[in-house]
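These notes concern the structure reproduced below.
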Amino acid sequence: MSIGLSRKVAYSSWMETSPATIVLELYDVQSNTNWITQLKSATGIADVSWQQTESDVVQARIQLAQAQHLGYRIGYVGKRLQLIITRKAAHTHLHDLTVAIDAGHGGSNTGARGVKSGVLEKDYTLLFAKALNRLLQKKGVKTIMIRDSDTAIDNKDRLLMLQPQQPDVLISFHLNSSSRPTARGTSTYYRHTAFRPLTQHILNELLEIDGLPEFGNIGSFNFQLVQPTDYPSCLVEVAFLSNEEDEQLILNEHFREKLVHKVYEGLLHWVKSLK
Ligand SMILES: [Zn+2]
């Protein structure tokens, strides 16, 4: 969808759910349009409406044809503001999608430290990321590994690296840590409520692992890797390196294999839920 403007203006946008809607606000503008053209060929869009909500604010509401948000990008092409919405093909399978995998920290950015073993978060996030990468490739799913060695990469650079590759979904692995030694369990995080279903499907699967308690499904989380609206994303804080029982799990290779298998199953259930 695009909006013709006589000059570039400031705007903001956000996603709403039930029904899935993208709201776009343009500032310091007065609309001189009194009709709207709805194209049947714009199959991802159910309805577009707009109104002048304040004397200098125009709000457009773009209701999607699909029930769930899969992401959107917005930007100027010349003076036209263009909104590119990801829509789902009729029968999407996980192997039609590209999954970006992020191993948190790396290089001089070591992250948390194991309370007993002294192991570093950066080394174990990489083990989880590599295990998920191996499993997805075996299942025929395309993947992008943000890092596959012990290198320090800024979170901003991680996002810039992904931009031209446009993944369909992102999974970021971190290990939790708390000053409270009894804090333990697994958790998934989202920034945008519209992307919460992915994080719920993954957490539901993780909680089937014996001996892994729930820390929660946590929203509005201000972590850079889950900021983009371009694609759904999920931060997985596997367990706490600051808790002795959780640390034992993290150090166990069988646990790591089981965990990534559950992330894979969460992805499968989420894809199925898109219909
Ligand atoms: Zn971390």
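Just follow the structure's listing: the first ligand is 1, and inside any ligand the first atom is 1.
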The Zn ion (ligand 1) -> E121, closest N, O or S atom is OE2
Aromatic rings F195 and H192: how do their planes relate, parallel, tilted or perpendicular, breaks at 30° and 60°? perpendicular
Would R61 and E16 pass as an ion pair if we require N to O under 4.0 Å? yes
Less than 4.0 angstrom from a charged side-chain N to a carboxylate O is my criterion; do R113 and E121 meet it? no
Centres of the H174 and Y189 rings: under 6.0 Å? no
N/O/S atom of E237 inside 2.8 Å of the Zn ion (ligand 1), strictly under: no
Note: ND1(H174)-the Zn ion (ligand 1)-NE2(H105) angle, rounded to 10 degrees, equals 100°
